[in-house]
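Here's the structure we're looking at; comments come further down.
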Amino acid sequence: DAGVIQSPRHEVTEMGQEVTLRCKPISGHDYLFWYRQTMMRGLELLIYFNNNVPIDDSGMPEDRFSAKMPNASFSTLKIQPSEPRDSAVYFCASSTRRNEQYFGPGTRLTVT
Amino acid sequence: KQEVTQIPAALSVPEGENLVLNCSFTDSAIYNLQWFRQDPGKGLTSLLLIQSSQREQTSGRLNASLDKSSGRSTLYIAASQPGDSATYLCAVRVNTDKLIFGTGTRLQVFP
């Protein structure tokens with residue numbers, strides 16, 4: 001299995017632009033998680049899905065952030081408009097119920 | 001609210017030493033605990049998963065223990081090597097399938 005796939009690996013954008021991060025979970029995993037990692041706050045769970053349905057989005061920082069999972073093999077995290085404080089590494093992870101979470105390589109986002 | 005703490009925050013040891021990394025959590029109502037490794041600029045790699053009914057798990061030179069009642073887990077690394085240098089994170093899974101992460105221990109093993 002190729003593992004969790006994320007794209008792009010690096011994204012540099014200007015403040016105010018829309019950013020879309022993409023994730024392909026491991027085939028057969030029915031849970032998908034989006035995390036954000038910063039030096040100040042560590043790893044934070046933003047949102048997670050079960051069977052393509054959002055279960056808990058309480059970690060989404062504000063309305064500028066949205067996430068979708070149109071099918072079992074694809075999810076997006078969108079930031080519109082982006083701000084410099086959104087600069088971080090965004091990880092996607094997948095798992096089966098209450099089992100190990102497998103993380104993707106992350107997307108390093110820089111907003112200038 | 002579940003809080004996860006890792007001590008020490010950083011550790012530097014010579015190659016060959018056996019070492020212990022500590023993880024503590026405030027609420028014992030967990031389903032499992034997972035240890036991860038993160039190399040600089042990389043994603044997280046799962047090392048060991050301990051279910052709440054288990055006391056320990058072993059993989060190669062790694063051994064993780066879990067004492068749910070006292071809210072503690074330890075990761076034991078035997079005969080450390082420079083390639084073990086990384087940040088080690090523990091995370092507890094709570095009743096909503098969420099993982100709550102600790103702040104990590106940054107390990108450096110020098111030759």
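Here is how names work: the chains are called A, B, and so on, in the same order as the sequence lines, proteins then strands, and each is numbered from 1.
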Please determine whether the number of non-hydrogen atoms from other residues, nucleotides or ligands lying under 6.0 Å from atom [atom1] of [X] exceeds 12.
X: A/Arg64; atom1: CZ; result: yes
X: A/Lys68; atom1: NZ; result: no
X: A/Glu14; atom1: CD; result: no

Quick check: is [Y] connected to [X] through a chain of hydrophobic side chains (ILVMFWY, heavy atoms under 4.5 Å apart)?
X: B/Leu62; Y: B/Tyr76; result: no
X: A/Met60; Y: A/Ile55; result: no
X: B/Ile77; Y: B/Leu66; result: yes
X: B/Leu44; Y: A/Ile5; result: no
X: A/Phe65; Y: A/Ile47; result: yes

Rounded to the nearest 0.5 Å, how far does [atom2] of [Y] lie from [atom1] of [X]?
X: B/Phe36; Y: A/Gln101; atom1: CZ; atom2: CD; answer: 6.0 Å
X: B/Lys42; Y: A/Phe91; atom1: NZ; atom2: CZ; answer: 11.0 Å
X: A/Asn99; Y: B/Gln34; atom1: CG; atom2: CD; answer: 9.0 Å
X: B/Ile100; Y: A/Leu45; atom1: CD1; atom2: CG; answer: 7.5 Å

task = Kindly give the heavy-atom pair with the smallest separation between A/Asp56 and B/Lys98, and that separation in Å.
result =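 Smallest interatomic distance, heavy atoms only, reads OD2-CE, 2.6 Å.
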Under 4.5 Å from any heavy atom of chain B, what part of [X] do you find: side chain, backbone, both or neither?
X: A/Asn50; value: neither
X: A/Gln37; value: side chain
X: A/Thr107; value: neither

query = Tell me, side chain or backbone of B/Leu89 under 4.5 Å from chain A's heavy atoms, or both, or neither?
reply =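 The side chain, not the backbone.
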inquiry  = Tell me which of these, B/Asn32, B/Leu49, B/Leu99, has more heavy-atom pairs under 4.5 Å with chain A than the rest.
reply    =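 The option with the most such pairs is B/Leu99.
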request  = For A/Arg108 and B/Gly41, indicate whether the former's side chain and the latter's backbone hold a donor-acceptor pair under 3.5 Å.
outcome  =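 Looks like no, no N/O pair under 3.5 Å.
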query = Would you say the side chain of A/Arg41 lies within less than 4.5 Å of the side chain of B/Thr103, judging by non-hydrogen atoms?
reply =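 Side-chain contact under 4.5 Å: no.
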